[in-house]
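Below is one structure, written out as structure tokens, with a few remarks after it.
In listed order, ligands and their atoms are each counted from 1. Everything numeric here is computed off the predicted structure, so don't read it as measured data.
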Amino acid sequence: MVERVYLKHIAQHVGSEVEIRGWLFNKRSSGKIQFLIIRDGTEMIQGVVVKSEVSPEVFEAAKRLTQESSLIVRGVVREEPRSLSGFELTVTDLEIVQLAEEYPITPKEHGVEYLLDRRHLWLRSRRQHAIMLVRNELIKATRKFFDERDFVLIDAPILTPASVEGTTTLFETDYFDDKAYLSQTGQLYMEAAAMAFGKVYCFGPTFRAEKSKTRRHLMEFWMVEPEMAFYSNDDNMKLQEEYVSYMVQHVLENCSKELEILERDTSKLKNVVPPFPRISYDEAVEILQKHGSDIKWGEDLGGGDETIIASQFDRPVFVHGYPTEVKAFYFKPHPERPEIVLGSDLLAPEGYGEIIGGGERIADLELLEQRLEEHKLPREPYEWYLDLRRYGSVPHSGFGLGLERTVSWICGLAHLREASPFPRLLNRIYP
Ligand code: 4AD
Ligand code: MG
């Protein structure tokens, strides 16, 4: 019996005959020899089919193979330092599972819209494959990081009765005789969970009907949202820098091949260790004005502003103390300067902008009630949230990290759409 193996583990099988099940990535031929680049989802290998060494049927089958045909091959594994994977397969047997029709994605250049229309196939390409593996490792690192620190994973609902991050980006849906909204954030539910478990996080999809087309926005994205009882915003920022550094180091250790495929300059990622610089919003405005921005105190930072600030540093930078006016209703105001909040954004370097938003929450019932009114939010859907301030309210903080923004930065992508397996964009809900 020939053992069926995955290419990822091929190094353990040098000298043996193995079976690989996969797809034809590419093919070259020189008359009496066919070179098949075979992928099985985990890795690629070059299979060599020599006419004089296989049956005529096998050689014919190799000849007929088209790009992305599915196949089962058997062959002897040899070390081949000159090849991409370091190994080669001397093919002994080959079976076509399905002969693929003319594949629409060829090694030539295609436009982005063309590729997005074929996202279900595009995922097979080297670059997209590498990005998804980095994404997978970031999720693994996230779970490991929070597990090691005794956080409890609590899942937040997707269908919710109220807005949290502003009413202009809500996706509305019918909920029997009522209205519901797709969740913009799990935060409020994490605040409830933090009062039950101390330190919690959720990780799930969140939705924003962002009506602007930018390279930093998706309609559906995944967010990691930790929430901690008895944490100040300083404690919160410390946890963020530990978490972000942990993820970057994890990817550097586990994804060197993927980062190479992506041609990522890893020297820039190696700098990502604590402590991260911290500047106040006041300082940020000064820096921006010096750089010719016409931003005035009180206005939110735009994407361009974030890039200017971030480019002053070689690692992510915290901007804290934003104006209360531009932030959501739940942010705790600074005790001596109520016009600013105890919250921060973390801006990634190299022009990637905000990857985290977070802060300390209002713990006081009256102030929170007042804020809901100021933001013209209906009281009823938030009654349960106000309860948390009635029964054992404590200072608490938390944050939300956007997974696609983080993938995009760590992989060095030009646009967020490649960081999501099936991106939902302003003009696209297909495939
Ligand atoms: O700053 P945001 O809006 O914060 C919140 O939602 C808080 N409730 C989180 C919390 O404290 N638990 O969003 C957090 C992060 C942003 O920093 C960004 O990385 C990402 O979510 N994000 C988006 N990513 C892709 N597309 C969008 N449209 C995004 N909107 C926010
Ligand atoms: Mg934000």
Side-chain angles (χ1 to χ4, degrees), residues 135 138 142 146 151 154 156 160 162-171 181-194 199-228 231 233 236-237 239-240 243-244 247 281 300-303 305-306 310 316-320 322-323 326-332 341-348 352-362 385 396-410 413 415-420 423-426 428:
R135 181 179 166 121
L138 285 172
T142 295
F146 289 108
F151 280 67
I154 300 285
T160 63
S163 81
V164 184
E165 301 296 333
T167 49
T168 57
T169 61
L170 284 171
F171 277 111
Y181 308 99
L182 297 185
S183 178
Q184 296 169 307
T185 166
Q187 180 192 320
L188 306 196
Y189 298 96
M190 290 307 102
E191 290 185 53
K199 291 191 289 186
V200 297
Y201 75 108
C202 62
F203 173 51
T206 46
F207 306 85
R208 309 247 174 124
E210 307 272 4
K211 278 146 210 133
S212 61
K213 219 171 167 176
T214 82
R215 63 194 181 91
R216 292 179 183 174
H217 291 91
L218 295 170
M219 306 303 130
E220 181 177 321
F221 61 98
W222 283 63
M223 195 162 27
V224 179
E225 297 187 85
E227 191 73 31
M228 297 75 64
Y231 261 51
N233 194 48
N236 196 22
M237 287 195 281
L239 184 70
Q240 289 169 49
Y243 169 41
V244 170
M247 279 196 289
Y281 169 85
D300 204 357
L301 305 190
D305 298 324
E306 288 179 357
V317 52
F318 286 108
V319 178
H320 58 84
Y322 279 84
V326 302
K327 287 293 179 188
F329 69 92
Y330 52 72
F331 275 92
K332 179 171 172 157
V341 295
L342 297 174
S344 51
D345 281 357
L346 184 66
L347 312 182
Y352 285 94
E354 179 195 336
I355 53 169
I356 292 184
E360 188 168 339
R361 325 304 191 186
I362 293 174
Y385 183 64
H396 62 289
S397 300
F399 64 89
L401 170 132
L403 180 66
E404 289 78 5
R405 295 251 182 112
T406 309
V407 171
S408 189
W409 160 49
I410 292 180
L413 309 181
H415 195 296
L416 222 53
R417 63 192 164 212
E418 280 182 82
S420 168
R424 310 288 89 162
L425 302 164
L426 191 58
R428 175 179 295 283

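Not a single heavy atom of Thr169 sits closer than 4.0 Å to an atom of ligand 1. At least one heavy atom of Glu354 sits less than 4.0 Å from an atom of ligand 1. Between Arg424 and ligand 1 there is no heavy-atom distance shorter than 4.0 Å.
With ligand atoms numbered from 1 in the order given, ligand 1 contributes 7 (C), 8 (N) to contacts under 4.0 Å with heavy atoms of Tyr330. If you number the atoms of ligand 1 from 1 as listed, the ones under 4.0 Å from a heavy atom of Gln187 come out as 7 (C), 8 (N), 10 (C), 11 (O), 12 (N). In the vicinity of Glu225, heavy-atom distances shorter than 4.0 Å reach the ligand 1 atoms 8 (N), 9 (C), 10 (C), 12 (N). Close approach of ligand 1 to Thr185 (heavy-atom distance below 4.0 Å) involves ligand atoms 6 (O), 8 (N). Interface atoms of ligand 1 facing Gly402, defined by a heavy-atom separation under 4.0 Å, are 15 (C), 19 (O), 20 (C), 21 (O).
A heavy-atom distance below 4.5 Å is found between the side chains of Met247 and Thr142.
The name of the N, O or S atom in Glu354 nearest to the Mg ion (ligand 2) is OE2.
Judged by distance alone, the side chains of Glu191 and Tyr330 never bring a donor and an acceptor atom under 3.5 Å apart. A side-chain donor from one of Thr185 and Glu225 sits under 3.5 Å from a side-chain acceptor of the other. In this structure, a donor-acceptor pair under 3.5 Å is present between the side chains of Thr169 and Gln184.
Taking all heavy atoms of Val224, Leu401, Ile355 into account, the minimum distance to atom 19 (O) of ligand 1 is reached by Ile355. Taking only non-hydrogen atoms, the option from Glu227, Arg361, Met190, Glu165 nearest to atom 11 (O) of ligand 1 is Arg361. When Trp222, Phe221, Phe399, Tyr201 are ranked by how near their heavy atoms come to atom 31 (C) of ligand 1, first place goes to Phe221. In this structure, of Met223, Gln184, His217, Glu191, the residue bringing a heavy atom nearest to atom 14 (C) of ligand 1 is Met223.
Aromatic ring pairs are classed by plane angle as parallel below 30°, tilted from 30° to 60° and perpendicular above 60°; the pair Tyr385 and Phe329 is perpendicular. Classified by interplanar angle (parallel below 30°, tilted 30° to 60°, perpendicular above 60°), the ring pair Tyr201/Phe151 is perpendicular.
None of Thr206, Leu188, Leu170 except one satisfies the side chain to side chain contact (heavy atoms under 4.5 Å, CB included) rule with Val164; the exception is Leu188.
Of the possible polar contacts, one joining the Tyr352 side chain to the Leu413 backbone as a donor-acceptor pair under 3.5 Å is found. Under a 3.5 Å cut-off, the side chain of Arg361 and the backbone N or O of Gly398 do form a donor-acceptor pair.
For atom 26 (N) of ligand 1, the closest non-hydrogen atom on the protein side is Leu218 N, 3.0 Å. Protein heavy atom at the shortest distance from atom 13 (O) of ligand 1 is Arg208 NH2, 3.8 Å. Scanning the protein heavy atoms around atom 18 (C) of ligand 1, the nearest turns out to be Arg405 NH1, 3.5 Å. For atom 15 (C) of ligand 1, the nearest non-hydrogen atom of the protein is Gly400 O, 3.6 Å.
Heavy atoms of Leu416 found under 4.0 angstrom from ligand 1 belong exclusively to the side chain.
Under the 6.0 Å cut-off for aromatic ring centres, Phe207 and Phe221 do not qualify, their centroids lying 6.0 Å or more apart.
Counted within 6.0 Å of NZ on Lys211, heavy atoms from surrounding residues, nucleotides or ligands total more than 12; the atom is thus considered enclosed.
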